[in-house]
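Just so you know, these numbers use all the heavy atoms, side chains as well, and skip hydrogens, waters and symmetry mates.
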2 protein chains.
Amino acid sequence: MVLKGAEELAVPAEAARQARSDARTRQLLEAAARLMERNGSHGVSMQAVADEAGVSVGLIYRYFANKQELVQGVILGVLDDMARLIPAAVAPEADPVRRMVAAFSAYCGVVDDNREAVLLTYRESHTLDEEGRRLIKDLEVRTAQPLTDAIQEALDRGLLMPVDTRIFSYDLLLIAHSWSLKHWYFAPRMTFEEFVESQSALMLATAVHPDHRAAYADLLGAPA
Amino acid sequence: MVLKGAEELAVPAEAARQARSDARTRQLLEAAARLMERNGSHGVSMQAVADEAGVSVGLIYRYFANKQELVQGVILGVLDDMARLIPAAVAPEADPVRRMVAAFSAYCGVVDDNREAVLLTYRESHTLDEEGRRLIKDLEVRTAQPLTDAIQEALDRGLLMPVDTRIFSYDLLLIAHSWSLKHWYFAPRMTFEEFVESQSALMLATAVHPDHRAAYADLLGAPA
DNA sequence: GTCACGAATGAACGGATATTCATTCTTGGT
DNA sequence: ACCAAGAATGAATATCCGTTCATTCGTGAC
């Protein structure tokens with residue numbers, strides 16, 4: 001292995017260059033994301049990305065080897081955001097069931113803020129290569145972790161009916177995604193707040209053990 | 001309104017022509033579907049469709065005005081199949097809860113048989129025009145009808161915990177789709193049969209009213 | 001001031017592909 | 001046997017778009 005730390009630290013201007021390079025990368029990814037969320041990756045040319053970012057086409061190839069790498073960057077960026085935002089958004093609730101609801105609500109909130117981006121990940125993942133797909137899967141599973149942990153703890157304390165954690169947590173993740181995937185179905189029938197409330201109530205009304213249900217009366221909406 | 005019935009009936013050869021035309025249309029749609037389920041619509045050229053169908057490129061334009069119409073035909077065909085298959089697959093169970101499970105299992109079965117086609121509908125719907133998207137939504141809602149009906153009846157008879165039918169049925173539809181959407185997550189962890197069984201058990205263990213749970217012990221797998 | 005080097009440009013290239021249409025082939029009626 | 005009329009062909013066209021690269025620009029070091 002080559003020693004490079006000393007060399008890098010010895011050049012102070014290197015940091016500034018790196019910073020500008022990072023900013024450009026972000027700028028390009030943001031421009032690409034804006035366009036691709038509207039039209040999909042195939043509907044966006046490199047020229048269009050360049051125009052949107054206010055740079056020339058050639059410059060993109062200084063930061064991304066080819067279009068597929070750019071697309072991959074956009075999708076991974078979206079998922080990376082979610083993998084950061086969701087754990088952070090989970091309120092430090094003490095009660096496991098309440099933490100479960102908080103995690104689910106937070107997940108829905110991030111989906112709502114990035115509705116088009118979530119759609120993009122479903123539409124474009126298949127255009128990536130094996131490596132890209134592996135990264136996506138890893139990130140997505142990681143976004144479900146707060147939910148999984150909360151469910152597991154609630155189960156361990158006997159607060160829930162016996163369920164398969166792997167399945168239950170992924171079902172909840174998918175239901176959160178459905179606010180984006182099936183927005184055309186849900187949105188005309190309810191607001192976002194009603195969606196989260198109803199889904200939470202459904203989850204609680206069904207999954208919480210009857211012996212403990214009374215403790216969460218405040219989270220169960222009025223019965224139908 | 002113009003009378004055209006008489007004219008049509010007066011020409012016997014017209015029927016044969018229509019039949020051949022329909023067969024060609026189906027042949028082209030099937031070829032396109034086979035290819036697009038693998039590579040998405042953008043990954044398939046009109047030439048490739050023609051080769052797969054064993055005809056020339058030009059002929060496709062006799063049956064479809066352009067590529068978008070062909071893509072729309074493929075997607076609507078897939079959804080139409082499902083809208084036919086699923087109601088047909090619902091076993092004529094007498095008990096509403098059992099009919100609910102049967103409808104869900106049938107839905108999952110159709111999804112499993114058409115895994116790539118389901119993915120295609122999620123990936124390519126946005127390429128359609130307004131009219132096409134409206135048709136898709138109608139068809140999809142129709143596929144959920146057997147589930148919705150069974151749930152409503154189970155609710156009316158007090159067999160379920162109080163839930164919002166619109167939400168619960170669409171959640172189940174989405175979970176069935178998830179066998180295709182999240183195949184990479186579920187498939188390494190369980191077989192298709194285990195997936196259906198676990199999801200059914202989860203749905204029953206949580207949604208069935210405690211007073212009636214004993215009646216469905218055979219459908220609830222061994223508790224975790 | 002000027003030199004060197006990375007950053008940035010954008011015209012040009014090459015490949016792919018949707019669409020057209022002049023032409024040939026099939027078929028069903030007489 | 002012959003003749004429309006529709007069915008089918010596939011080479012040619014026009015367009016679009018990813019990628020390259022010769023060239024210019026900007027900036028920090030000396």
> What is the distance from CD1 of Ile60(B) to C1' of dG10(D), rounded to the nearest Å?
Replying inline: 12 Å

> Quick one: which of dG10(C), dT17(C), dA8(D) gets closest to the side chain of Leu59(B)?
Replying inline: dA8(D)

> Tyr61(B) has a side chain; which of dT19(C), dG10(C), dT20(D) sits nearest to it?
Replying inline: dT19(C)

> Relative to the ring of Trp179(B), is the ring of Phe192(B) parallel (under 30°), tilted (30 to 60°) or perpendicular (over 60°)?
Replying inline: tilted

>> Side chains of Gln199(A) and Asp171(B) only: does a donor on one sit below 3.5 Å from an acceptor on the other?
In response: yes

> So what does Phe64(B) hit on the nucleic acid, given a heavy-atom distance under 4.0 Å: a base, only sugar-phosphate, or nothing?
Replying inline: nothing

> Which of residues 24-42 of chain B have a heavy atom under 4.0 Å from DNA chain C?
Replying inline: none

>> Please tell me if Ser56(A) has a side-chain N or O lying less than 4.0 Å from either OP1 or OP2 of dT9(C).
In response: yes

>> Base, sugar-phosphate or nothing for Val49(B)? Non-hydrogen atoms, less than 4.0 Å.
In response: nothing

> Rounded to the nearest Å, what distance is computed from the CZ atom of residue Arg62(A) to the P atom of nucleotide dA8(C)?
Replying inline: 8 Å

>> Could you check whether Asp138(A) pairs with Arg134(A) (Lys NZ or Arg NE/NH1/NH2 to Asp/Glu carboxylate O, under 4.0 Å)?
In response: yes

> Is it the case that Arg142(B) and Gln145(B) place a side-chain donor and acceptor less than 3.5 Å from each other?
Replying inline: no

> Roughly, in whole Å, what's the span from CD in Gln47(A) to P in dC17(D)?
Replying inline: 10 Å

> Asp51(A) CG to dC17(D) P: how many Å, rounded?
Replying inline: 12 Å

> Side chain of Lys67(B): nearest nucleotide among dG10(D), dA18(C), dG18(D)?
Replying inline: dA18(C)

> Arg20(B) CZ to dA8(D) C1': how many Å, rounded?
Replying inline: 12 Å

> Side chain of Tyr63(B): nearest nucleotide among dA7(D), dT19(D), dA7(C)?
Replying inline: dA7(D)

> Going through the distances and angles, do Glu140(A) and Lys137(A) end up as a salt bridge (charged side-chain N to carboxylate O under 4.0 Å, His left out)?
Replying inline: CA-CA 5 Å; Glu140(A) 182 175 296; Lys137(A) 295 168 190 173; over 6 Å; no

> Could you state the CE-C1' distance from Met46(B) to dT19(C), rounded to the nearest angstrom?
Replying inline: 8 Å

>> Could you walk me through whether Thr148(A) and Phe168(A) satisfy the side chain to side chain contact (heavy atoms under 4.5 Å, CB included) test, starting with their C-alpha distance in whole Å, then the side-chain angles of each, then the deciding distance to 0.1 Å, before giving a yes or no?
In response: CA-CA 8 Å; Thr148(A) 308; Phe168(A) 191 45; over 6 Å; no

Please list, one pair per line, the donor and acceptor atoms closer than 3.5 Å that link side chains of residues 69-86 of chain A to other protein atoms, with sequence neighbours excluded.
| residue | atom | partner | partner atom | Å |
| --- | --- | --- | --- | --- |
| Glu69(A) | OE1 | Ala65(A) | N | 3.1 |
| Asp81(A) | OD1 | Arg84(A) | NH2 | 3.0 |

